[in-house]
Amino acid sequence: MVEKRRTEIAWVEDGRILVRGYRLEELIGRLSFADAIYLVLRGELPDEARSRLFEAILVSVVDHGPSPPSTVAAVTVASTGAELNAAVAAGVLAISRYHGGAIEESMRALASCVRRQKERGASAEEVAEEFVSFCRQRGVRLAGFGHRLHRGDPRTARLFALAEELGLAGEYVAQGRALEEALARVLQRHLPINADGAIAALLCELSFPPRAANGIFMIARIAGLVAHVSEEQGQGVWLRPVLPADYEYVGPAEREMT
């Protein structure tokens, strides 16, 4: 007899839809979309602090303009007249370890460093110095640091400030900051923690498994991809090259939240 496959995520029967044990109709109107994602991925509902931080993570990567490879890929496919799903799928397929997909790798590096701290009774600074030197000797790029556009990623500053405010900036945030300082000392150049690295530290603080990390980035970025694809399709000009340098911003002027 073939053993049945098992799932802990959701179950559907006539008149009943369960998501992690909760009736879906009881969640509708009571949970934010971010909380629903948290529930599906983690298996439990977040408390208020974790809810705010997780939602902030999703907002931080919802879009990054027309230049990221995933956006270029999505808009390029949209310009052929392809359907929205095909164009968005092309954008998702462009997400890799060098674009959006560095979060998992960064989480594993941070977890390894924190584990070394505990095993050896070492400080975050000592472990960071050793880890950066190890990566340099082997020519390994440390995921989550440096950015092609931002000398200081504004998303990192806001996410870490919010984590501090919510009491959720713990050993992984401290290790990330120690790695940033060690990189500056060892490499003699400033490679600030980027959004990938900040999100990696915070997802570690929230106890997410690294294997889910890149999916979280994709969930958030799909909203931006849909917007760019829809905009391209709405212009009705087909088969034109997609060159980020040719874009001109014509949206609202910078404005404040009210």
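Numbers here are sequence positions counted from 1. Nothing here was measured: the structure is a model prediction, and the numbers come from that model.
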- [ ] List the steps, then state whether salt bridge (charged side-chain N to carboxylate O under 4.0 Å, His left out) holds for Arg52 with Glu165.
- [x] CA-CA 11 Å; Arg52 285 188 61 195; Glu165 176 188 327; 3.5 Å; yes

List the steps, then state whether salt bridge (charged side-chain N to carboxylate O under 4.0 Å, His left out) holds for Glu125 with Arg185.
-> CA-CA 11 Å; Glu125 291 73 20; Arg185 287 193 300 272; over 6 Å; no

Between Asp63 and His228, is the side chain to side chain contact (heavy atoms under 4.5 Å, CB included) condition met? List the steps. CA-CA 9 Å; Asp63 197 56; His228 284 283; 3.0 Å; yes

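We find the CD1-CE distance between Ile222 and Met218 to be 8.0 Å, quoted to the nearest 0.5 Å. If you take CG on Leu159 and CG on Leu202, they are separated by 6.0 Å, rounding to the nearest 0.5 Å. Taking OG of Ser79 as the start and CZ of Arg240 as the end, the distance is 8.0 Å to the nearest 0.5 Å. Note that CG of Asp196 and CE of Met107 are 12.0 Å apart. Values are rounded to the nearest 0.5 Å. Rounding to the nearest 0.5 Å gives a distance of 6.5 Å between SG of Cys113 and CG of Leu110. Atom CD1 in Ile37 sits 11.5 Å away from atom CD1 in Ile57 (nearest 0.5 Å).
Scanning for side-chain hydrogen bond (donor to acceptor under 3.5 Å, both in side chains) contacts around Glu44 gives an empty result, with sequence neighbours left out. Checked against salt bridge (Lys or Arg N to Asp or Glu O under 4.0 Å), Arg50 has the following partners two or more places apart in sequence or in another chain: Asp47. Among residues two or more places apart in sequence or in another chain, the ring pair (Phe, Tyr, Trp, His ring centres under 6.0 Å) test is passed with Phe160 by none. Considering only residues two or more places apart in sequence or on other chains, Glu205 meets the salt bridge (Lys or Arg N to Asp or Glu O under 4.0 Å) condition with none of them. With sequence neighbours left out, the salt bridge (Lys or Arg N to Asp or Glu O under 4.0 Å) criterion links Glu26 to no other residue. Shown here are the salt bridge (Lys or Arg N to Asp or Glu O under 4.0 Å) partners of Glu83, two or more places apart in sequence or in another chain: there are none. Evaluation of the side-chain hydrogen bond (donor to acceptor under 3.5 Å, both in side chains) rule for Arg108 yields Glu104 as partners, not counting sequence neighbours. The side-chain hydrogen bond (donor to acceptor under 3.5 Å, both in side chains) search around Arg23 returns Glu25, not counting sequence neighbours. By the side-chain hydrogen bond (donor to acceptor under 3.5 Å, both in side chains) test, Glu181 pairs with no residue at all, sequence neighbours left out.
The hydrophobic clustering, which links ILVMFWY residues whose side-chain heavy atoms are closer than 4.5 Å, places Ile219 and Phe208 together. Taking hydrophobic clusters as Ile, Leu, Val, Met, Phe, Trp and Tyr residues chained together by side-chain heavy-atom distances below 4.5 Å, Leu31 does not share a cluster with Leu41. If you chain together hydrophobic residues whose side chains sit under 4.5 Å apart, Leu39 and Val12 fall into the same group. Residues Val229 and Val242 do not share a hydrophobic cluster, defined by chaining ILVMFWY side chains whose heavy atoms lie under 4.5 Å apart. Side-chain heavy atoms closer than 4.5 Å link hydrophobic residues (I, L, V, M, F, W, Y) into clusters, and following such links, possibly through other members, connects Leu166 to Leu206.
When atom types are taken as modelled, the side chain of Ser230 and the backbone of Ala227 share no donor-acceptor pair closer than 3.5 angstrom. Asp153 contributes no side-chain N or O that, together with a main-chain N or O of Asn194, makes up a donor-acceptor pair within less than 3.5 Å. Between the Ser70 side chain and the Ile95 main chain, no donor and acceptor come within less than 3.5 Å of each other.
A pairwise comparison of heavy atoms in Tyr172 and Cys204 identifies CG-CB, 3.4 Å as the closest pair. Closest of all the heavy-atom pairs between Ser67 and Val72 is O-CG2, 3.8 Å. When all heavy atoms of Asn214 and Ile103 are compared, the closest pair comes out as OD1-N, 3.6 Å. When all heavy atoms of Pro252 and Arg255 are compared, the pair lying nearest together is CG-NH2, 3.6 Å. Across every non-hydrogen atom of Ser106 and Gly197, the tightest pair is OG-CA, 3.8 Å. The heavy-atom pair separating Asp35 from Ser51 by the smallest distance is OD1-OG, 2.6 Å.
When side chains are defined from C-beta on, Arg221 counts as touching His64, because their heavy atoms get closer than 4.5 Å. By the 4.5 Å heavy-atom criterion applied to side chains, Ile216 and Phe54 are counted as neighbours. Using a 4.5 Å heavy-atom threshold, the side chains of Leu24 and Leu18 count as separate. Side-chain contact between Thr71 and Leu225: present, with at least one pair of heavy atoms (C-beta onward) separated by less than 4.5 Å. In this structure the side chain of Ser60 reaches within 4.5 angstrom of the side chain of Ile199, judged on heavy atoms. Between Leu191 and Glu180, the closest side-chain pair of non-hydrogen atoms is not below 4.5 Å. By the 4.5 Å heavy-atom criterion applied to side chains, Leu58 and Phe33 are not counted as neighbours. Under the 4.5 Å side-chain criterion, counting only non-hydrogen atoms from C-beta, Leu84 is in contact with Val226.
Sorted by first and then second residue, the pairs that involve residues 4-14 and meet side-chain hydrogen bond (donor to acceptor under 3.5 Å, both in side chains), not counting sequence neighbours, are Trp11-Glu13, Glu13-Arg16.
Under 3.5 Å, the side chains of Gln117 and Gln175 contain a donor-acceptor pair of N or O atoms.
The number of heavy atoms from other shown groups lying within 6.0 Å of OH (Tyr249) is above 12. Crowding of Gln235 atom CD: a count of heavy atoms from other residues, nucleotides or ligands under 6.0 Å exceeding 12.
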Below 3.5 Å, can you tabulate the donor-acceptor pairs from side chains in residues 133-146 to any protein atom, sequence neighbours excluded?
from, atom 1, to, atom 2, distance (Å)
Ser133, OG, Glu129, O, 2.9
Arg136, NH1, Val186, O, 3.1

Under 3.5 Å, side-chain donor or acceptor atoms of residues 87-94 against the rest of the protein: list the pairs with distances, not counting sequence neighbours.
none

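Salt-bridge annotation for Lys118 and Glu171: present, with a side-chain N of the basic residue lying under 4.0 Å from a carboxylate O of the acidic one.
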